[in-house]
There are 2 protein chains.
Amino acid sequence: MTNELPDELSFKRPKGEQLGEYLEEFGASLRPGTMLPSERALAERYGVARMTVRQELERLESKGLIYRVQGKGTFVAEPKFTQTQELTSFSEDMRARGMVPGSEVLSTEVAEAHEIVARELGLGVGDAIVRIERIRTADGEPMAYERAHLPAARFPGLESESLANASLYEILQSKWGVRFAQALQRVSVVTLNDEEAARLHVSVGRSAFLFERTTHATDGTAVEYVRSLYRGDRYQVATQLTRSP
Amino acid sequence: MTNELPDELSFKRPKGEQLGEYLEEFGASLRPGTMLPSERALAERYGVARMTVRQELERLESKGLIYRVQGKGTFVAEPKFTQTQELTSFSEDMRARGMVPGSEVLSTEVAEAHEIVARELGLGVGDAIVRIERIRTADGEPMAYERAHLPAARFPGLESESLANASLYEILQSKWGVRFAQALQRVSVVTLNDEEAARLHVSVGRSAFLFERTTHATDGTAVEYVRSLYRGDRYQVATQLTRSP
DNA sequence: GTGCTACGGTGGTCTAGACCACTGCGAAAG
DNA sequence: CTTTCGCAGTGGTCTAGACCACCGTAGCAC
């Protein structure tokens with residue numbers, strides 16, 4: 001199953017992006033610890049500047065797919081579990097874990113923003129927001145209970161979109177041209193109460209992750225504030241940490 | 001309290017590193033949303049290439065301190081809570097949160113590596129390891145229960161070091177010249193049993209974070225495998241997520 | 001007024017080099 | 001045989017540009 005690295009880059013797409021994809025696939029087909037071609041070798045092979053190669057290797061390193069040692073080389077890292085610090089939708093996340101994502105919409109309504117939501121979205125208290133309440137499932141089983149809040153003014157008609165088994169991110173992107181850029185996510189641990197436990201099909205008193213995420217688009221504006229409870233017995237996150245000088 | 005940006009860079013240290021520190025302090029003194037000088041302006045001011053400025057801005061962006069919008073500029077981000085994806089020791093972490101770190105060493109011993117530890121550290125099963133069991137405190141209160149495993153062959157005499165209120169990272173760095181580079185951290189949620197709850201001074205059945213971390217040095221070798229239980233009622237992590245193209 | 005366009009300023013991508021810091025290893029010196 | 005040193009190859013930092021994509025706005029045409 002040893003992949004081969006293609007020899008050429010096509011036009012019309014950033015060279016680094018293509019190179020990164022090639023390397024990602026190639027690296028995945030190698031045993032951990034294997035040394036990759038040197039930066040200079042890759043640069044020459046693809047007719048690209050070394051800085052371009054390096055930028056892409058940095059991206060892969062921060063994703064935990066490779067590691068670099070000065071004086072020695074660049075190597076394939078141990079296979080990751082699942083990636084945080086990559087901003088993904090629930091659907092993308094579950095597919096990456098090899099499961100089939102689904103949703104059960106509990107409610108979709110327009111409401112007034114209270115203090116926390118207003119602050120996170122950069123709105124005024126009382127401004128209209130769309131609140132979407134869903135149970136997110138993986139392979140048909142409840143995985144998370146999620147409440148998303150979005151500015152109603154920016155997404156008129158969102159409350160009547162069909163979210164049954166659709167990805168909210170895909171809808172926002174195709175209907176409103178939103179491109180997601182970055183998010184701040186806070187993670188805490190909670191013990192589930194009766195209602196929450198019932199929704200997630202687990203027993204009362206079990207532990208769960210509480211994720212609070214505010215997502216920003218490429219223009220810097222806040223697009224959504226989401227509060228999600230993830231089953232602690234089914235979910236785990238992995239983070240790649242790096243040491244700064 | 002508006003900081004001023006210094007005008008010059010000293011020799012003998014990477015320019016980018018200094019520039020990054022300047023910008024970090026400067027940004028911290030500004031209101032969120034304030035626009036920073038453009039990349040070209042910074043490059044000219046410090047007599048440095050624009051690529052050097054960009055590299056440093058990328059680092060600050062991934063730390064969640066700034067955000068950039070194409071066509072508009074670079075802006076100061078909302079203040080962060082606390083930073084993950086920055087590889088820090090417990091001591092550094094607590095100091096960054098404004099608390100005083102401490103330790104209570106429960107045991108320090110040389111033992112044989114069992115399967116999991118051996119795999120994580122790249123050793124053989126039965127190889128000698130140093131196991132350090134500590135209660136980590138913040139402002140005198142128990143915050144985490146931690147078990148660290150390190151290869152004994154690499155750190156002879158480590159088991160008799162005084163770890164009472166010292167940072168393990170600082171000892172490894174000063175005595176053995178270890179420079180930490182990167183780590184993979186897995187986070188799960190657990191419910192505390194009797195023994196664990198007692199050690200953390202909380203009641204049985206409460207939720208906690210379980211961190212499993214394998215730390216690598218700059219030469220790529222695994223240096224420690226740590227298993228830590230953090231009180232869920234006192235601890236929270238924040239992560240900066242970015243969207244890849 | 002309303003709409004369109006051109007333009008200057010921003011970050012995003014990329015080039016073709018340079019020198020430095022570190023590693024591993026083989027050759028020379030002891 | 002052991003030690004030392006130099007060298008080739010690696011990643012790390014940095015330069016001085018180039019062009020592209022995108023945003024806001026001022027000015028023009030209607």
Side-chain angles (χ1 to χ4, degrees), chain A residues 9-21 23 34-62 66-77 177-179 181-182 216-221 242-245, chain B residues 9-21 23 34-62 66-77 177-179 181-182 216-221 242-245:
Chain A
L9 300 177
S10 69
F11 296 103
K12 290 295 167 199
R13 275 181 62 214
K15 296 179 183 176
E17 195 177 316
Q18 294 175 62
L19 179 57
E21 288 171 15
L23 286 171
T34 309
M35 184 171 160
L36 291 173
S38 76
E39 299 176 349
R40 288 170 178 85
L42 287 169
E44 190 182 4
R45 173 165 191 174
Y46 290 102
V48 109
R50 193 180 149 215
M51 284 295 287
T52 305
V53 174
R54 278 185 61 76
Q55 229 174 15
E56 218 47 33
L57 291 178
E58 252 146 48
R59 208 178 55 79
L60 297 183
E61 184 176 35
S62 80
I66 62 172
Y67 61 94
R68 297 141 103 192
V69 183
Q70 181 170 155
K72 294 176 77 173
T74 302
F75 307 87
V76 178
V178 173
R179 277 175 310 161
Q182 146 270 354
H216 297 260
T218 49
D219 62 0
T221 59
T242 54
R243 182 89 170 167
S244 60
Chain B
L9 300 178
S10 70
F11 296 103
K12 289 296 168 198
R13 275 182 60 215
K15 297 179 183 177
E17 196 177 314
Q18 294 177 61
L19 179 56
E21 286 170 16
L23 287 171
T34 310
M35 185 171 159
L36 291 174
S38 76
E39 299 177 349
R40 288 170 179 85
L42 288 170
E44 193 181 3
R45 172 164 191 176
Y46 290 102
V48 110
R50 194 181 149 214
M51 284 295 288
T52 306
V53 175
R54 279 184 60 75
Q55 230 175 13
E56 219 46 33
L57 290 178
E58 251 146 49
R59 206 178 55 80
L60 297 184
E61 185 176 33
S62 80
I66 61 172
Y67 62 93
R68 298 142 102 191
V69 183
Q70 181 170 155
K72 294 177 77 175
T74 302
F75 306 88
V76 178
V178 173
R179 277 174 309 162
Q182 145 271 353
H216 298 260
T218 48
D219 63 359
T221 58
T242 54
R243 183 88 170 167
S244 59

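Every chain is numbered from 1, with letters handed out A, B, ... down the list of sequences.
- Following rounding to the nearest Å, B:Leu60 (CG) and C:dG11 (C1') show an atom-to-atom distance of 15 Å.
- Protein atom CG of B:Leu57 is 10 Å distant from nucleotide atom C1' of C:dG11, rounded to whole Å.
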Name the pairs: protein N/O against N/O of nucleotides 18-22 of chain D, kept only if under 3.5 Å.
| residue | atom | partner | partner atom | Å |
| --- | --- | --- | --- | --- |
| D:dA21 | N3 | B:Gln70 | OE1 | 2.8 |
| D:dC22 | O4' | B:Gln70 | OE1 | 3.2 |

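- Counting heavy atoms from C-beta outward, A:Arg54 and A:Arg68 have side chains that approach closer than 4.5 Å.
- Between A:Ala49 and A:Val69, the residue whose closest nucleotide on DNA chain C is further toward the 5' end is A:Ala49.
- The distance from atom CD of B:Glu58 to atom CD of B:Glu56, rounded to the nearest 0.5 Å, is 10.0 Å.
- If you take CZ of B:Arg68 and C1' of C:dT10, they are 11 Å apart, rounded to a whole angstrom.
- For the pair A:Leu19 CG and C:dT13 P, the computed distance is 14 Å after rounding to whole Å.
- For A:Glu21, the side chain to side chain contact (heavy atoms under 4.5 Å, CB included) partners are A:Arg13, A:Glu17, not counting sequence neighbours.
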Under 3.5 Å between N/O atoms: give me all the protein pairs with nucleotides 3-7 of chain D, atom names plus distance.
none

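- Between the CE atom of B:Met51 and the P atom of D:dA16 there is a distance of 14 Å, given to the nearest Å.
- When the side-chain nitrogen and oxygen atoms of B:Thr52 are compared with OP1 and OP2 of D:dT13, none of them lie within a distance under 4.0 Å.
- Side-chain nitrogen and oxygen atoms of A:Thr74 include none within less than 4.0 Å of the OP1 or OP2 phosphate oxygen of D:dT10.
- Residue contacts for A:Gly47: at a heavy-atom cut-off of 4.0 Å it reaches the sugar-phosphate backbone alone, with no base atom in range.
- When rounded to the nearest whole Å, the span between CD of B:Glu58 and C1' of D:dG12 equals 15 Å.
- Considering only side-chain N and O atoms, B:Ser38 lies nowhere under 4.0 angstrom from the phosphate OP1 or OP2 of C:dG9.
- Atom pair A:Met35:CE and D:dG9:P shows a separation of 12 Å (rounding to whole Å applied).
- We find that CZ of A:Arg54 is positioned 12 Å from C1' of C:dC20, with the value rounded to whole Å.
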